[in-house]
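First the structure, in the form of structure tokens, and then the observations on it.
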Amino acid sequence: METFPIFRTLRYVPEESKDKVIPDEDVLGTLLKVFQALFLNDLNKQSDILTILPEPVKSKYQDLLALQHQRVNLLENRHQQQCVFKPEEILYKTLGFSVARATSSLISAGRGVFITKGLVPKGAVVSMYPGTIYQKYEPIFFQSIGNPFIFRCLDGVLIDGNDKGISKVVYRSCSGRDRVGPLKMSDSTWLTSEIHNPLAVGQYVNNCSNDRAANVCYQEFEVPAVFPVELKQYLPNIAYSYAKQSPLRCVVLVALRDIKQGEELFSNYYTIVS
């Protein structure tokens, strides 16, 4: 049996539990909604990508951008219309809340993840667990030494969410390997202080304690092969193996109840008993 250096990675799933808290269609819908908003917000820097997209896809974004400008004209002045919003602001405008890392309220827990603005409704996707994806047969011994950010999926697949050391080097290497011209197949900005996908902070969500009940839980999600190629630049996961693995494994955190502004997220490694 594989073991890792910290309890944060342990996960037990009783047979009577169900794997999905919300339908995969809802997860996909949320990711597409957020990623599309991020893409539109940064459209001026997407010219290289737009030139190689099929005309119907390109026209879709141009139409969406025009509609967005019409709405902005009704609500804001011209100067504000020309502003490019920060990713966390896009998340708030899209889903009604924003999240960020900060010092945890738990003693000696390091950093945690908080709702910095708005309200998270029950059943909402509140963050993603970024990192390199390893199949059960792939080597991860050296990456796992002293690493508190390795997440074990139900089928034994591992996600290394460490943003430092050898884990960081491996992720960057795999991300560069899979890039196709201007098209990025994954997001590597979660390794930096300038995160383009504001949801990619799930590895810093602390486990619940005796006096802190869980308000989020993990749900595995397979990214469909038809996922828009221009939006893959916001996916914070990459497969370790060079062989293309389809679909891509992702893990999201789903709210178990309404979560208010200022609250810290605490995870539950158990799935929900049906």
Side-chain angles (χ1 to χ4, degrees), residues 1-24 27-28 31 125-175 177-178 185-188 190-191 199-208 214 216-225 227 232 235-254 256 265-274:
M1 179 179 180
E2 294 176 287
T3 58
F4 296 97
I6 192 168
F7 72 94
R8 180 192 287 245
T9 63
L10 299 180
R11 195 177 188 206
Y12 170 70
V13 184
E15 291 184 0
E16 69 273 16
S17 297
K18 59 183 181 180
D19 183 34
K20 305 295 183 182
V21 181
I22 60 175
D24 282 344
V27 176
L28 177 61
L31 297 186
V125 174
V126 70
S127 65
M128 303 180 70
Y129 199 102
T132 306
I133 303 165
Y134 292 84
Q135 298 301 311
K136 291 183 289 185
Y137 53 82
E138 293 178 325
I140 195 174
F141 174 76
F142 290 108
Q143 297 93 312
S144 70
I145 296 175
N147 186 351
F149 297 109
I150 298 178
F151 182 90
R152 186 182 188 278
C153 296
L154 302 181
D155 58 0
V157 168
L158 302 175
I159 302 180
D160 182 3
N162 195 355
D163 55 11
K164 298 179 178 62
I166 188 174
S167 299
K168 180 177 182 178
V169 173
V170 169
Y171 187 94
R172 283 192 180 280
S173 176
C174 293
S175 182
R177 173 201 68 196
D178 289 358
M185 297 295 104
S186 63
D187 172 31
S188 60
W190 64 273
L191 298 167
L199 291 173
V201 293
Q203 80 275 37
Y204 281 99
V205 173
N206 284 298
N207 197 6
C208 58
V216 296
C217 68
Y218 294 94
Q219 178 167 321
E220 297 172 25
F221 171 72
E222 309 290 346
V223 179
F227 196 86
K232 290 185 177 181
L235 288 171
N237 297 98
I238 194 77
Y240 176 76
S241 174
Y242 182 74
K244 301 299 181 182
Q245 298 176 20
S246 182
L248 179 73
R249 175 70 55 83
C250 284
V251 171
V252 299
L253 286 91
V254 180
L256 294 173
L265 302 183
F266 292 105
S267 63
N268 189 340
Y269 289 100
Y270 295 81
T271 52
I272 306 303
V273 177
S274 58

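Along the sequence shown, residues carry numbers from 1.
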Minimum heavy-atom separation for L191 and R172, please, with both atom names. CD1-CG, 3.6 Å
Indicate yes or no: at least one non-hydrogen side-chain atom of F142 is less than 4.5 angstrom from one of V170. no
Evaluation steps, side chain to side chain contact (heavy atoms under 4.5 Å, CB included), between V216 and V205: CA-CA 9 Å; V216 296; V205 173; 4.1 Å; yes
What is the minimum heavy-atom distance between L256 and A214, and which atoms define it? CD1-O, 4.0 Å
Any donor and acceptor pair, going by atom type alone, linking the side chain of N237 with main-chain N or O of Y129 inside 3.5 Å? yes
To the nearest 0.5 Å, atom OG of S167 lies from atom CD1 of I140 at 7.0 Å
Side chain of E138, backbone of Y240: donor and acceptor closer than 3.5 Å? no
In the structure I gave you, are the side-chain heavy atoms of C174 and R177 within less than 4.5 Å of one another anywhere? yes
Do V252 and L199 make a side-chain contact, defined as non-hydrogen atoms from C-beta onward lying under 4.5 Å apart? no
Quick one: NZ on K232 to CD1 on I238, what's the gap to the nearest 0.5 Å? 9.5 Å
What one should report as the nearest heavy-atom pair of Y134 and P139 is CE2-O, 3.3 Å
In the structure I gave you, are the side-chain heavy atoms of L28 and F221 within less than 4.5 Å of one another anywhere? yes
Side chains of N147 and D160 in contact at under 4.5 Å (non-hydrogen atoms): yes
Can you name the closest pair of heavy atoms from G202 and S127 and give their distance? CA-OG, 3.7 Å
Do W190 and M128 make a side-chain contact, defined as non-hydrogen atoms from C-beta onward lying under 4.5 Å apart? no
Spacing of CG belonging to L31 relative to CG belonging to L235, to within rounding of 0.5 Å: 7.5 Å
Please test F227 against L248 for side chain to side chain contact (heavy atoms under 4.5 Å, CB included), starting from the C-alpha separation and ending with a verdict. CA-CA 10 Å; F227 196 86; L248 179 73; over 6 Å; no
So, K20 side chain and E220 main chain: donor-acceptor pair closer than 3.5 Å or not? yes
Less than 4.5 Å apart, any side-chain heavy atom of V251 and any of I159? yes
Would you give the length of the straight line joining atom OG of S188 to atom NZ of K168, rounded to the nearest 0.5 angstrom? 9.5 Å
Below 4.0 angstrom, N of the basic side chain to O of the carboxylate: do R249 and D155 qualify? yes
Would you say that Q219 contacts D24 through its side chain, given a criterion of any heavy-atom pair below 4.5 Å between the two side chains? yes
To the nearest 0.5 Å, tell me how far S173 OG sits from D178 CG. 9.5 Å
